[in-house]
Amino acid sequence: MKNRYTITSALPYANGPLHIGHIAGAYLPADIYVRYLRSRNKDVLYICGSDEHGAAITLRAKKEGTTPQAIVDKYHGINKKAFNDFGIDFDIYHRTSDPLHHKTAQDFFLKLEEKKSFVKKTAEQFYDEENKQFLADRYIQGTCPKCAYEAAYGDQCEKCGSALSPKDLINPKSTISGNKPVLKETSHWYLPMQDHEEWLREWINNGVLDGKKLHDPSQWKNQVIGQCNSWIDGGLHERAMTRDLNWGVKVPLKDGDGKVLYVWLDAPIGYISATKAWAEKEGKDWKAYWQNDDTQLIHFIGKDNIVFHAIIFPILLKQHGDFILPENVPANAFLNLEGDKISTSRNWAVWLPEYLEEFPGKQDELRYVLTSLAPESRDSEFTWKDYQTRINNELLSIYGNFINRALVLTHKYYNGVLPECGDYSSEDEIVVNEMNSFAEKVGALIERYRFKEAQNEMMNLARLGNKYLADNEPWKLVKTDEERVKVIMKLALEISAKLSIISAPFLPHTAVELQEMLNLKELNWDNYSDELMPVGHQINKAHLLFTKVEDELVAMQVEKLQKSKILKQVPLKEKAVINFDDFTKLDIRIGDIIEAKKVPKTNKLIELKVKVGENVRTVVSGIAEHYSAEELPGKKVSILINLEPRKIKGILSEGMILMAENSEGKLAMISPDNEAIESGSVVR
RNA sequence: GGCGAGGUAGCUCAGCUGGUUAGAGCGCAUGAUUCAUAAUCAUGAGGUCGGCGGUUCAAGCCCGCCUCUCGCUACCA
């Protein structure tokens, strides 16, 4: 173990509140780890903050008629408070809109520029005048100059496979607006990631950099190594580190006008600027946490962030030259909810601020459940029923109940003061030995990022306590052997005290409460083997640590979830008003599907032959996930027939089948409800 | 379609580089017990380790094919 740790949790994007999936994935595991290390008296810095840049926030501001700053201010406030109330113990919760961050990111960028880590390229790039933005290669389509395929992309023709540049395309179009884009000159700084493949492969797979062993790759998750190798083996490419945007960290160069740093360059540097902000306040040296070989850097993230933390950011850190690389990137998978993926847009989530409001004082209950169900190596699922079961049958029955019986008996027999007593019996010594082994067992599991297992091991100490009481039955012995009862109660309380230490990383609020009841203060991991309950020690009044989760509560939460899901289905903003002439431009007819077959090498596409009056048209439609090719022939559908024909996967599509889509993405055909409507009938 | 990660007891999950009768917690059954929020303790029943084939003295673990789930990516006017 090293002595200094820099722990980060992914910066939450400041355009929405946090839900239990975020917590289980990146924040709770890190918090457990951090609390453990602090208890071991390590020098630990735990940092996080809001990620406030990027195009998504500007788009949202535009939509809501407000400013990006107003959006990020709102969610920064909400999330900071939620983390604090829940008990995620950051040293600092910073934000990337802070001037200190802008300065830090710009300095970092300049250093890389100075080291010639970037390749600057000036090029004429297509620009969408309607949306006022430059278009990435993939956002442009046109006719391939080599094979005349009409839907080739700006970077490659899917038909003939030739690599293209957008300007090669004949008749280019913006895929966003459909308009013809204009050429405008712009320049960007690119990171040539392909130059870094060799050392990355060695560093990720063997933990070795420049001949030095930096980490043990067997401690990295399969998922992380697998995904990195997949990227590296597929060949890394240069990636633009700047964007034409006006929201973000300005490119600090003369020719950087109107450009900002790419959000994935900017955000991880947020970890560094947060450290600086903290160090400034605390009078510490921030460099110790980032530029010292005796410091371990660990990034806790969700699986969607793997490449950024395990490939791109390490390249940047190494290029800069002064920084250490992450020792591990323990990425978690995703948490599902009641049989369905958590979805912000469908409002299918348990929101942290709402939980905190509806379940005051029940942070540790949620922590316990989320750690039990944590998606450490694959996706897992949270249900309210599970929440109830885990709390009632484990946390309350095993932990809460053991503490309660130990304290209640002590009060009953000795008014809460430990009496003078004899030595442990030889059977007691076995229990004592077992008890003493827990600190190391639990610690070792936490150090290997096995939080679920670690928590269960912690619970085994409470189980040991329950078994000790059941085996020794002090409530019976009290009538025959009072001296023996004193020893038993002392050991039971000793177990309780030790439980307060090893449960603290998982259940910090409970641990404090328990230590108050036991009249103990400021215990940490290193106190574990001390005698914590000496003769004469007075304990405080006992109260219950947990309350039962009732069936009604579970039912209520499930119902609330279902209801809020429906609420989200209210129609989106209406589009601009059109006149009748506009409407009559659409030629919509009823058609009969006479033939259907799946388009090879695609998941969603079906090629249809639709008979409209006397004509038969070919239409390619993205409905294969909702209809099989076999069930389609014979169906009547509405079809827009005067839509400009377009080639899709090499097939000319002459029209568009009208479909209704609900909030879950389910599709249904718009069909006449009357057999008298024959093929070719006009829809209006 | 390409790539990555998964598919182990009713549920949630462990099983490190292949090696004795495949593990844990919860649930379930039976018994014990009453200090404790009907909580606890003991014992037990549950698995052809997604399917098929192969390598090996030996496979949940290695190889091939298939299938299902999730993620990234492509396609969805």
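What you see is a predicted model, and the numbers here were worked out from it, not measured in a lab. Computation of the quantities below employed the complete heavy-atom set of this structure, encompassing side-chain atoms and omitting hydrogens, waters and symmetry-equivalent molecules. Below, read A as the first sequence line, B as the second, and so on, with proteins coming before strands; counting in each chain starts at 1.
In this view, A:Glu381 and A:Asn336, A:Thr383 satisfy the side chain to side chain contact (heavy atoms under 4.5 Å, CB included) rule, not counting sequence neighbours. Residues passing the side chain to side chain contact (heavy atoms under 4.5 Å, CB included) test with A:Thr584, sequence neighbours excluded: A:Phe580, A:Asp581. Annotation: ring-ring contact (aromatic ring centres under 6.0 Å, His included) contacts of A:Phe300 (sequence neighbours excluded): A:Tyr33. Listed by chain and residue number, A:Glu202, A:Val208 satisfy the side chain to side chain contact (heavy atoms under 4.5 Å, CB included) test with A:Asn206 (two or more places apart in sequence, or in another chain). Remark: A:Glu482 pairs with no residue by the side chain to side chain contact (heavy atoms under 4.5 Å, CB included) rule, at least two apart or across chains. The ring-ring contact (aromatic ring centres under 6.0 Å, His included) check on A:Phe382 picks up A:Trp384, with sequence neighbours excluded.
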Can you tabulate the close N/O pairs, meaning under 3.5 Å, that link protein atoms to atoms of nucleotides 67-70 of chain B?
unit_1, atom_1, unit_2, atom_2, d
B:C70, O2', A:Lys303, NZ, 3.2
B:C70, O2', A:Asp379, OD2, 2.5

Output one line per pair: protein atom, nucleotide atom from nucleotides 31-33 of chain B, and distance, for all N/O pairs under 3.5 Å.
none

Set out, line by line, the N/O atom pairs under 3.5 Å between protein and nucleotides 41-47 of chain B.
none

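The CD atom of A:Glu394 sits 6 Å away from the C1' atom of B:G25 (whole-angstrom rounding).
For residues 394-409 of chain A, every residue pair satisfying the salt bridge (Lys or Arg N to Asp or Glu O under 4.0 Å) rule, not counting sequence neighbours, is listed here: A:Arg390-A:Glu394. Counting only residues at least two apart or in different chains, salt bridge (Lys or Arg N to Asp or Glu O under 4.0 Å) contacts with residues 461-479 of chain A comprise A:Lys467-A:Asp471, A:Glu473-A:Lys476.
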(request) Convert the base pairs of RNA chain B into dot-bracket notation, remembering that pairs crossing earlier ones are written with [ ] and that bases paired across to another strand are shown as |; include only Watson-Crick or G-U pairs under 3.5 Å. (result) (((((((..((((.....[...)))).(((((.......))))).....(((((..]....))))))))))))....
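Residue A:Leu335 is classed as having no contact, given no heavy-atom separation below 4.0 Å to the nucleic acid.
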